[in-house]
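Taking it in order: structure first as structure tokens, then the write-up.
These numbers come from a predicted model, not from an experiment.
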Amino acid sequence: MRGIERLIAARLPDLVHSDDQNWSLHQALHVLVGDDCLVVAQQGDQLAGIIALDLARQQLVACHLNPALLDRHAARQLIEAAEHQALCYGIGRIHCRVQPVALRFMSALGYESIDRDMPPSSPVRVSKSLQQNAADWVREVLALQRQLGIPAHYGAQRRLRMIDDCADLQSIGFDVYDREQFLHPEAAQAWREMRDTAARAGVVLQVVSGFRGRDYQAGLIRAKLKRGLNLERILCVSAAPGYSQHHSGRALDLKAPGSAALEEDFAGTSAYRWLQANAAYFGFHETLGPNNRHGIIWEPWHWCHRSISQTTQTSRFKQRPS
């Protein structure tokens, strides 16, 4: 990390500069790396290219391409990798500022100039729609956002990535409401092992919810809107369709006998204390803890089995043929 800091400080002054007195390059890098928004190309021990995605402003920043090391094909891959990350967070249009000499190259990548009558030597703002060649399910998620009035910056602001509906599901039996529930086979096996181990320790874990598709999630939000609830408040309780971990088939909502479903009181049960101490051994983690970065209320009942791998996310975001 310190090596990247030195390279950026030396070569990318637009990323280093900030009017915010509390801002630091080290802090910014941790955010960029944590969100997979810093893309670096290296040849040996030399920096061949680097580009950062600013989620807050929905733009590419601090793009540096070393022409001595990075060919046009590699440069295209670098920019497309950043575009991919933008789309993962629901950003349908991306912006950046480039030098006039790079306009032809950016135009070949689908960027259009949005500046008019600029001096020949001045940087030019360009923009590109990322939706045109996106996978059908991504376009469906973005359409649902518009239909429900969910802000376009929702995913980027909440640091929530889009998740496709899991297509490989396995029954885990019935929940406390006698509804059959499903999980991804790997998560289903881990759940059975965790449930049985807890039972041998005298702890009963009950399922409230497993897999939920984006259409089901959209229905939940529509029903709450129909009851007159405020959308902002709804999104503090329910993730927008396309962003819920339940879509992955790896998330479970749990309760204990005698405790109310989906209530913070679950945190006071022996079942919750057992999960805190043992769930990680089975690959489950509490992903919506107190004051989480996603702006969702604390959900001690919500446990997710590992994260979707980057390989899976990449394949699911594979662009349609242009």
Side-chain angles (χ1 to χ4, degrees), residues 8 11-20 23 28 31-32 35-41 49-67 70-136 138-147 149-162 240 242 317-322:
I8 289 176
R11 305 190 186 197
L12 301 176
D14 53 333
L15 185 58
V16 174
H17 174 73
S18 175
D19 295 326
D20 185 351
W23 186 96
V31 172
L32 289 167
D35 291 333
D36 297 322
C37 289
L38 184 70
V39 188
V40 177
I50 185 169
I51 191 166
L53 168 63
D54 184 338
L55 289 175
R57 296 175 179 82
Q58 302 185 35
Q59 64 182 11
L60 304 179
V61 296
C63 181
H64 167 77
L65 306 175
N66 187 336
L70 200 67
D71 60 28
R72 290 178 66 85
H73 177 68
R76 175 189 289 265
Q77 287 184 314
L78 193 66
I79 293 173
E80 288 179 347
E83 292 173 353
H84 166 83
Q85 288 305 111
L87 197 56
C88 284
Y89 284 103
I91 297 175
R93 176 171 288 276
I94 198 74
H95 308 271
C96 63
R97 190 180 295 272
V98 299
Q99 296 296 331
V101 68
L103 270 177
R104 185 174 179 181
F105 173 69
M106 297 301 285
S107 177
L109 295 180
Y111 285 82
E112 299 177 345
S113 173
I114 53 177
D115 278 337
R116 297 289 183 268
D117 303 322
M118 294 293 292
S121 59
S122 299
V124 180
R125 290 183 301 152
V126 294
S127 174
K128 177 182 179 179
S129 171
L130 303 179
Q131 300 182 46
Q132 184 174 357
N133 295 322
D136 288 338
V138 174
R139 293 154 66 94
E140 289 174 14
V141 169
L142 296 175
L144 280 173
Q145 278 188 240
R146 293 190 293 270
Q147 291 170 17
I150 296 169
H153 57 69
Y154 169 82
Q157 185 181 60
R158 299 293 188 101
R159 295 302 195 268
L160 286 169
R161 296 163 64 93
M162 285 188 188
F317 275 86
K318 186 176 182 181
Q319 292 187 326
R320 294 142 48 100
S322 56

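- Paired with E83 under the rule salt bridge (charged side-chain N to carboxylate O under 4.0 Å, His left out), one option of R93, K128, R76 passes, and it is K128.
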Steps toward side chain to side chain contact (heavy atoms under 4.5 Å, CB included) verdict (H95, R125): CA-CA 7 Å; H95 308 271; R125 290 183 301 152; over 6 Å; no

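- Residue A82 comes nearest to I51 through the heavy atom pair CB-CG2, 4.0 Å, listed as atom of the first residue, atom of the second, then distance.
- Using a 4.5 Å heavy-atom threshold, the side chains of L55 and I91 count as touching.
- In terms of heavy-atom proximity, Q132 sits nearest to R139 at O-NH1, 3.1 Å.
- Across V124, V98, I94, a single residue satisfies side-chain contact (heavy atoms from CB on, under 4.5 Å) together with Y111, and that is I94.
- The two atoms that bring S122 and P100 nearest to each other are O-CG, 3.3 Å, heavy atoms only.
- From L53, atom CG reaches atom CG of L60 across 6.0 Å, with rounding to the nearest 0.5 Å.
- One distance of note links OH of Y89 with CZ of R159; it measures 7.0 Å at 0.5 Å rounding.
- Scanning both residues, L32 and A52, for their nearest heavy atoms gives CD1-CB, 4.1 Å.
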Audit row: V39, I50, side chain to side chain contact (heavy atoms under 4.5 Å, CB included) steps and yes/no: CA-CA 6 Å; V39 188; I50 185 169; over 6 Å; no

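- Between Q145 and P151, the shortest heavy-atom contact is NE2-O, 3.1 Å.
- If you take OG on S127 and CE on M106, they are separated by 10.0 Å, rounding to the nearest 0.5 Å.
- Within the 4.5 Å cutoff, no side-chain heavy atoms of V126 are placed close to those of I114.
- The CD atom of Q77 sits 13.5 Å away from the NE2 atom of H84 when rounded to the nearest 0.5 Å.
- Here the CG atom belonging to L142 is positioned 11.0 Å from the CD atom belonging to Q147, to the nearest 0.5 angstrom.
- Residue-environment remark: CD (E112) stays at or below the threshold of 12 foreign heavy atoms within 6.0 Å.
- Taking the side chain as every heavy atom from C-beta outward, D35 and Q85 never approach each other to under 4.5 Å.
- Taking both residues in full, the closest heavy atoms of I150 and A240 are given as CD1-CB, 3.6 Å, listed atom of the first, atom of the second, then distance.
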